[in-house]
2 protein chains.
Amino acid sequence: MPYDPSAFPPFAVTVDLVVLTVRRHALCALVVRRGESPYQGRWALPGGFVRGDEDLEAAAARELTEETGLLTHTPEGHDAGAHLEQLATYGDPQRDPRMRVVSVAHLVLAPDLPSPTAGGDVRSARWAPVDTLSCPGDGLAWEGEQQVPLAFDHDRILLDGVERARSKIEYSSLATAFCPPEFTVGELRRVYEAVWGVVLDPRNFHRKVTGTPGFLVPTGGTTTRQGGRPAQLFRAGGATLLNPPMLRPEV
Amino acid sequence: MPYDPSAFPPFAVTVDLVVLTVRRHALCALVVRRGESPYQGRWALPGGFVRGDEDLEAAAARELTEETGLLTHTPEGHDAGAHLEQLATYGDPQRDPRMRVVSVAHLVLAPDLPSPTAGGDVRSARWAPVDTLSCPGDGLAWEGEQQVPLAFDHDRILLDGVERARSKIEYSSLATAFCPPEFTVGELRRVYEAVWGVVLDPRNFHRKVTGTPGFLVPTGGTTTRQGGRPAQLFRAGGATLLNPPMLRPEV
DNA sequence: AAAATAGTGTCTTTGAGACAGTATACT
DNA sequence: AGTATACTGTCTCAAAGACACTATTTT
């Protein structure tokens, strides 16, 4: 039972971020171009080392702000900002050729922002539709006309993050994290359609989502930014768990 | 952007295990008594350091075998053995007073075994009903007549593991991981009742569970080990995701 | 007027939950 | 016989999905 704190192997601990948003009816992830070896010039998930006195979630929030300018709200805080939660930890001994690196991946859900990569170089960071970044199973990313895999094991991390987001909007109100503070039922429906890659019946969706207690709170305002008849504006209600859940259509 | 692998703070990486089983109609967790400082003499979750060339899941499986003699099957392997999956990672800078330790917690679901702590000292490892280990919120464990908290942040990890198990048996066939290779519908129902802490209608449960495609496969045999009319024996079917899910009764 | 989006109502089917009743063992 | 467990059937209610219809805007 070698629980001796002075005789431990040397590890580096990083955080990697799966930052998702919905742009032009497509689920997109933030990727940055690597400037250094290994995987120089390849696209990768944003991330970096955890500092010696820093909590894991704080490190993730710091990296997010550094790379996107986005602020986060923890599960309790209800300020404007992105949703941040821990995703999973990846620690294959060979995942970084330089040394043993354990990466604690985090998932960020953000609304579509005017300046998505504020503070960053346009050519070194971009939103990429997730279905162009990885075809399930082969882990390749489109680069011009040819597919290049993401750096490290980031294709796997991205896939896990996307699947987490897809399943979590079923039974939680997290889909509102993809929306601006005030949004319409139609905008929320387009979030579900983009994340799940399906088409939903607008009428049943409307009835379902407005009938789920605590999900949506009307603000009183209306908007015609989508064209057509003016739509009522809502903001996210207090409920975090949806009961009954939104059901993802089969097959 | 200090992504310099030679200038990283020193971390130790451990795995901690939330090992759950159902014994005498109660959900129980494996706890071991600490022999060393800090928290000497207190109950803690089993775990240990990840080796320099070892994958996280391999480290968790190794610790499990060392402390319980249990073998695991990964999601793919269908051998007899316990279910193992990653739970979450805990990295508060103050969680271990000796040094910076990041712990990757894993969840293990095991059937009730004849020798639950084989290979270990009886006084240094035991199955404890989870509701005696922690009352939600205060993180205390019963020790004789007084409650003593688990070591480190293990009360939080245990709570997260229990909640994961409770929610996961809703929409997956994972409840069968608590059962022996062949089991009856009644035994499976008692697993749900113990994990959720509720009473389920035996008739509706039977209809539901036998009607869910891929959940249960009849083996042809019967048993009377529960008394009463002989019950048909089943083993776990190929389905991992249940559709429709088992619904946990409200409130 | 035509097209687009928003919102309501109605019907059918599925499934959850309550519960009556039968079957087969052990004591 | 009495009791315990296993299993089947029936009824009711809630909700999902399909879809007809109305409302209010822009072009």
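Letters A, B, ... mirror the listed sequences (proteins, then strands); counts begin at 1. None of these values were measured; they are calculated from a predicted model.
At its two ends the helix from C/dA1-D/dT27 to C/dT27-D/dA1 runs along axes set 0° apart, each axis drawn from five pairs and the angle rounded to 10°.
By the side chain to side chain contact (heavy atoms under 4.5 Å, CB included) test, B/Phe205 is found to be paired with B/Val185, B/Leu188, B/Arg189, B/Tyr192, B/Leu200, B/Val209, B/Met246, residues two or more places apart in sequence or in another chain being considered. Contacts of B/Arg190 classified as salt bridge (charged side-chain N to carboxylate O under 4.0 Å, His left out), with partners at least two apart in sequence or in another chain: none. For B/Arg203, the salt bridge (charged side-chain N to carboxylate O under 4.0 Å, His left out) test picks out B/Asp201, with sequence neighbours left out.
One can place CG of B/Leu216 at 11 Å from P of D/dC7, the figure rounded to the nearest angstrom. Straight-line distance from the OH atom of B/Tyr171 to the P atom of C/dG15: 21 Å, rounded to whole Å. Separating the CG atom of B/Leu188 from the C1' atom of D/dA6 is a distance of 14 Å, rounded to the nearest angstrom. To the nearest angstrom, P of D/dT5 lies 15 Å from CZ of B/Phe205. Between the CZ atom of B/Arg225 and the C1' atom of C/dC26 there is a distance of 17 Å, rounded to whole Å. Rounded to whole Å, atom C1' of C/dT14 lies 12 Å from atom CG of B/Asn243.
Residues A/Gln86 and A/Glu57 have side chains not in contact (no heavy-atom distance under 4.5 Å, counting atoms from C-beta outward).
Side-chain N or O atoms of B/His83 include none that pairs as donor or acceptor with a backbone N or O of B/Val108 at under 3.5 Å.
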- Message: One character per nucleotide, please: for nucleotides 2-12 of chain C, 5' to 3', B when the base has a protein heavy atom closer than 4.0 Å, S when only the sugar-phosphate does, - otherwise.
- Response: --BBBBB-B--
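Under the salt bridge (charged side-chain N to carboxylate O under 4.0 Å, His left out) criterion, no residue pair touches residues 212-221 of chain B, with sequence neighbours excluded.
In terms of position along DNA chain D, the nucleotide closest to A/Asp201 lies nearer the 5' end than the nucleotide closest to the other residue of the pair A/Asp201 and A/Thr224.
For the residue pair B/Ala110 and B/Leu70, the shortest heavy atom distance occurs at CB-CD1, 3.7 Å.
Looking at B/Tyr90 and B/Asp160, their side chains do bring a donor and an acceptor atom within 3.5 Å of each other.
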